[in-house]
Trainee: 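Here's a structure for you.
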Amino acid sequence: MAGEEGETGAAAIPLLAPYRAGSGELELAHRVVLAPLTRQRSPGNLPQPHAAVYYAQRATAGGMLITEATGVSAAAQGHRPTPGVWTDEQVDAWRPVVDAVHAKGAVIFCQLWHVGRVVGKLRPDGTPAGTPRPVSSTGRPIATPRMNDGVEEEFATPRRLDVAEIAGVVDDFRRAARNAVDAGFDGVEIHGAHGYLVEQFLKDSANDRDDEYGGSLENRCRFALEVVTAVAREIGGRRVGVRLSPFADYMDCHDSDPHALALHMATKLNGIPGGILYLHMVEPRMARADGRRVVPKRLRPYREAFGGTFIAAGGYDREEGNKVVGEGYADLVAFGRLFLANPDLPKRFEFDAKLNGYNRATFYTSDPVVGYTDYPFLG
């Protein structure tokens, strides 16, 4: 086990058992983590006052939150108003958000991302994506269009990063991590999942390179491990987590052997100087049995290979979350849409209370209240 269970409460409600990682780098009152969720309510790439309300609503004493994906540079952006952490102004804008969460006694990690080729043919500011073109592991665009405000949008054709440019992108992550810590965050999570730049290097459907960053499994993982190493050296490995989705196929990003990829990364992350704090992995797609969704639970080999705290995500509910914590399959469980719609989710789990339903239509609107901070609390 990477952490220690509390002596009381774990048998009845494992999700509400305390958790302590290692020598106390992470001490939590429960195992219910807010998963990173893109909300697109940061005009000008600046976190707004309503973000402080949103995150503070979901903060509890001894709880853990992971922010929405946050850009490491101007070139890293590909979605409409999502926050960044590459400028002093952005750092200043994040501080009241972090302070509001800390005032509730919770810890908060900033998820760092670079979208790579996930850029529509028009950039978020409306300028042509061709100047400059988005960058990626490949020069091939995403083939499947996406829906944007009900309109089908094709993706821009990316420019393959030259080997000499890659160190600069790694440094963008390093500087963004330093900025996040300067803003008060307790740590950062490297977004290596869901078809964005890090995963574009990891997976062989998107990585068609024949240099030291492509081809073999070791080469395809090189960029991700360089990013994690640079960030760990900058802010300390015990402030660093990594999110991976080896079985996902978002944005035309899938791998011919996801098990080998996941096992390689889980093992190699143990070798980061000083070690990293946690590995956050997403389950394969859920199946249905007896009329309900069932989590596949295929992450155990990677949980066993990784030496730190292990967070599982992907369709969990109260019952499945209690099972995986109680069985030692995961240390913590990240909840996305359930936590979005239920800001007091740990309390609802405690009393096995009815959950609010979520409204998918309001996930990515600009409204600072509706579908964002207006979900009701118990009582």
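All residue numbers refer to positions in the sequence shown, counting from 1. These numbers were taken from a predicted model, which means no experiment stands behind them.
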Trainee: Does the pair L244 and H280 meet the rule for a side-chain contact (heavy atoms from CB on, under 4.5 Å), with working shown?
Mentor: CA-CA 6 Å; L244 300 174; H280 181 183; over 6 Å; no
Trainee: With W94, which of V85, L46, D182, N179 fulfils side chain to side chain contact (heavy atoms under 4.5 Å, CB included)?
Mentor: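 Result for side chain to side chain contact (heavy atoms under 4.5 Å, CB included) with W94: V85.
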Trainee: Go through the side-chain N and O atoms of T82 and Q77 and say whether any donor and acceptor fall under 3.5 Å apart.
Mentor: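 Yes, side-chain donor-acceptor contact under 3.5 Å.
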Trainee: I'd like to know if the side chain of T87 and the backbone of Q90 have a donor-acceptor N/O pair within less than 3.5 Å.
Mentor: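 Between the backbone of Q90 and the side chain of T87 there is a qualifying donor-acceptor contact (under 3.5 Å).
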Trainee: For I13 and R318, run side-chain contact (heavy atoms from CB on, under 4.5 Å): C-alpha distance rounded to whole Å, both residues' side-chain angles, the deciding distance at 0.1 Å, then the answer.
Mentor: CA-CA 9 Å; I13 310 178; R318 182 181 186 272; 3.9 Å; yes
Trainee: Parallel, tilted or perpendicular: which one describes the rings of W113 and Y196, with boundaries at 30° and 60°?
Mentor: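 Perpendicular.
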Trainee: So with a 6.0 Å cut-off around CG of D162, is the heavy-atom count from everything else above 12?
Mentor: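 Enclosed: over 12 neighbouring heavy atoms sit under 6.0 Å from CG of D162.
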Trainee: Are the side chain of N45 and the backbone N or O of G84 linked by a donor-acceptor pair below 3.5 Å?
Mentor: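 Such a contact is absent between N45 side chain and G84 backbone.
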Trainee: Assess whether side-chain contact (heavy atoms from CB on, under 4.5 Å) is satisfied between L299 and Y329, documenting all intermediate values.
Mentor: CA-CA 8 Å; L299 305 181; Y329 174 91; 3.2 Å; yes
Trainee: Can you confirm whether E212 is buried at CD, in the sense that more than 12 heavy atoms of other residues, nucleotides or ligands lie under 6.0 Å from that atom?
Mentor: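 More than 12 within 6.0 Å, yes.
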Trainee: According to side-chain hydrogen bond (donor to acceptor under 3.5 Å, both in side chains), does anything in residues 255-267 pair up with another residue at least two apart or in another chain? List the pairs.
Mentor: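 Residue pairs with at least one partner in residues 255-267: D204-S256, R220-D255, H259-Y302.
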Trainee: Check for a donor-acceptor pair, side chain of R209 on one end and backbone N or O of S137 on the other, with a separation under 3.5 Å.
Mentor: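 Yes, because the side chain of R209 sits within donor-acceptor range (under 3.5 Å) of the backbone of S137.
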Trainee: Does NZ belonging to K297 count more than 12 external heavy atoms closer than 6.0 Å?
Mentor: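 Atom NZ in K297 is packed in, count exceeds 12.
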Trainee: Would you name the heavy atoms of A183 and R95 that are closest together and state the gap between them?
Mentor: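 Looking at all heavy atoms of both residues, the shortest contact is O-CG, 3.5 Å.
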Trainee: For the residue pair I166 and R222, establish whether any side-chain heavy-atom pair is separated by less than 4.5 Å.
Mentor: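 Counting from C-beta outward, I166 and R222 never come under 4.5 Å.
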Trainee: Sub-3.5 Å donor-acceptor pair from the side chain of E152 to the main-chain atoms of R146, do we have one?
Mentor: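 Flag not set: sc E152 to bb R146 has no pair under 3.5 Å.
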Trainee: Return all side-chain donor-acceptor pairs below 3.5 angstrom for residues 372-379, not counting sequence neighbours, or 'none' if the list is empty.
Mentor:
from : atom 1 : to   : atom 2 : distance (Å)
T373 : OG1    : P368 : O      : 3.4
D374 : OD1    : G371 : N      : 2.8
Y375 : OH     : N359 : N      : 3.1

Trainee: Counting only N and O atoms by type, is there a donor-acceptor contact under 3.5 Å from the side chain of Y213 to the main-chain atoms of N207?
Mentor: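 No; zero donor-acceptor contacts below 3.5 Å.
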Trainee: Has N356 got a side-chain atom pairing as donor or acceptor with A341's backbone, closer than 3.5 angstrom?
Mentor: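 Yes, the answer is positive, given that a donor and an acceptor are paired below the 3.5 Å cut-off.
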Trainee: For residues Q40 and S366, is any side-chain donor paired with an opposing acceptor at under 3.5 Å?
Mentor: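 Checked: Q40/S366 side chains show no N/O donor-acceptor pair below 3.5 Å.
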Trainee: Verify whether the ring centers belonging to Y358 and F363 lie closer than 6.0 Å.
Mentor: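 Close enough - the centres of the two rings lie under 6.0 Å apart.
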Trainee: Between the side chains of Y316 and E283, is a donor N or O closer than 3.5 angstrom to an acceptor N or O?
Mentor: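 There is such a pair between these side chains.
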Trainee: Before you tell me yes or no, could you show the steps for S245 and E199 under side chain to side chain donor-acceptor pair (under 3.5 Å), namely the whole-Å CA-CA distance, both residues' side-chain angles and the distance that decides it to 0.1 Å?
Mentor: CA-CA 8 Å; S245 58; E199 194 172 74; 2.9 Å; yes
Trainee: Assess the side chains of T67 and Q111: does a donor N or O sit below 3.5 Å from an acceptor N or O?
Mentor: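 Looking only at side-chain atoms, Q111 and T67 do not form any donor-acceptor pair under 3.5 Å.
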Trainee: Output a table of donor-acceptor pairs, distance under 3.5 Å, between side-chain atoms of residues 246-253 and any protein atom two or more places apart or on a different chain; print 'none' if there are none.
Mentor:
from : atom 1 : to   : atom 2 : distance (Å)
D249 : OD1    : R285 : NH2    : 3.0
D252 : OD1    : T144 : OG1    : 3.4
D252 : OD2    : A143 : N      : 2.6

